[in-house]
Amino acid sequence: MAGSMRVRAKEKDGVVTVKALITHPMETGLRKDGDGNVIPAHFIQEVTATVGGEVVFTANWGTGVAKNPYLSFKYKGSKGDLLTLAWTDNQGHSDALEVEVK
Amino acid sequence: MDRRTFLTAGLGLGTLFVAGSVHAAWPKDAFEAQESGALIDMLAGSKPAPSDAITITAPDIAENGAVVPIAVSTTLEDVTRISIVVEQNPLPLTSTYDLTPDSVPYVSTRVKMQKTSNVVALVEAGGKSYSGVREVKVTIGGCGG
C-alpha cells in the first residue's frame, strides 16, 4: 500500500501541526454490494506518529472514520524533526511515510 | 486484536506477526460496543464529568453524513486520551487517540454519521474523565447499508 499517504508537518512557536490524508476504503462491514453480499470490513485500526523512535501520538480507529481518512494532531517539536507516520489495517496491510517538519 | 481475529486475518505469517504486535492496544471491546451509554462507561470507567474546557468543532448541519469533519481540543492539563463517540451510529466509537506528554491536546478527523446525533468527546486528563457534547444534524446519512 505504498504511496497511500500525504503528510505535512509545520512548526510554529514550538508546536508542530501534522496534517495527513490517507487513501483507504474504510469499509464498515455493514454495507452490501449490488448482489446483496456483505462487503467485508476493511479499515485502518492504528496510526502511530514517531519522532526519533519515540511515539508522540497514536490514533486507534474503528469503522466510523470516513473513507480516505484525514487526521490532524499537534505535538511539541521543532523544525527539522523527522516524523514517521505509519498505519496498519484489520487485514494486515500497512504503510509508513517519513517527512521532515518544515 | 484477539486470537480469533488474529488467526482469521488470513495473510502471510510475517504480516500477521507485525499486525498482531502493533494492535496489542487496539480497544476491540470498545469499538464493538453498540450502545453509547455502555460504551462511555467502558471508556471512562465511570460517568465522565461534563466540562466546558472541551471544545468540539463540527458543522451544525452536515449535508453528507459520510464525511463529517470533527475537531476536539481542550484546555485541560495532562491529557492522556481523547475519544470521539457518535451516539446514534451502529458502532458509536469512531476513534480514540492516545496522547503523550509531547502531545498538544488537539485532534481533527472526519467521521461517518448515520443520522442526526450527539457527538461526544471523552477526554482523560490527570486520571479523570471529562466529556463535551455537541449535536450535529445530518441530512443524508453516511454509514451505508
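Computed from a predicted structure; not experimentally measured.
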Is there a side-chain contact between [X] and [Y] (heavy atoms, below 4.5 Å)?
X: B/V107; Y: A/S72; answer: no
X: B/S108; Y: A/Y70; answer: yes
X: A/K67; Y: B/R110; answer: no
X: A/N60; Y: B/P27; answer: yes
X: B/T109; Y: A/W61; answer: yes

Neighbour count above 12 (heavy atom, 6.0 Å) for B/D52 CG: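 Check fails, neighbour count at 12 or below.
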Over 12 non-hydrogen atoms of neighbours within 6.0 angstrom of CD in B/Q34: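 No.
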Grab the two heavy atoms, one from [X] and one from [Y], that are nearest each other, plus how far apart they are.
X: A/A66; Y: B/A66; value: CB-O, 3.2 Å
X: B/T100; Y: A/V56; value: OG1-O, 2.9 Å
X: B/W26; Y: A/F43; value: CZ2-CE1, 3.6 Å
X: B/K112; Y: A/T63; value: NZ-O, 2.9 Å

Contact origin within B/V86 toward chain A - heavy atom pairs under 4.5 Å: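 Neither; nothing under 4.5 Å.
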Under 4.5 Å from a heavy atom of chain A, the part of B/P101 involved: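 Answer is backbone: N, CA, C or O of B/P101 sit under 4.5 Å from chain A.
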Parallel, tilted or perpendicular, as decided by the 30° and 60° cut-offs, for the rings of B/Y97 and A/F57: parallel
Should [X] and [Y] be regarded as members of a common hydrophobic cluster, given that ILVMFWY residues are connected when their side-chain heavy atoms come within less than 4.5 Å of each other, either directly or indirectly?
X: A/V65; Y: A/L21; value: no
X: B/L43; Y: B/F31; value: yes
X: B/V133; Y: B/I70; value: yes

Atom pair CG (B/L91) and CG (A/L30), whose distance is rounded to the nearest 0.5 Å: 6.0 Å
Leading residue by heavy atom contact count with chain A [cutoff under 4.5 Å; candidates B/L93, B/L99, B/T94, B/V68]: B/T94
A/I22, part contacting chain B, at a heavy-atom distance under 4.5 Å: neither
Donor-acceptor contact below 3.5 Å, side chain A/K74 vs main chain B/S103: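 It does not hold such a pair.
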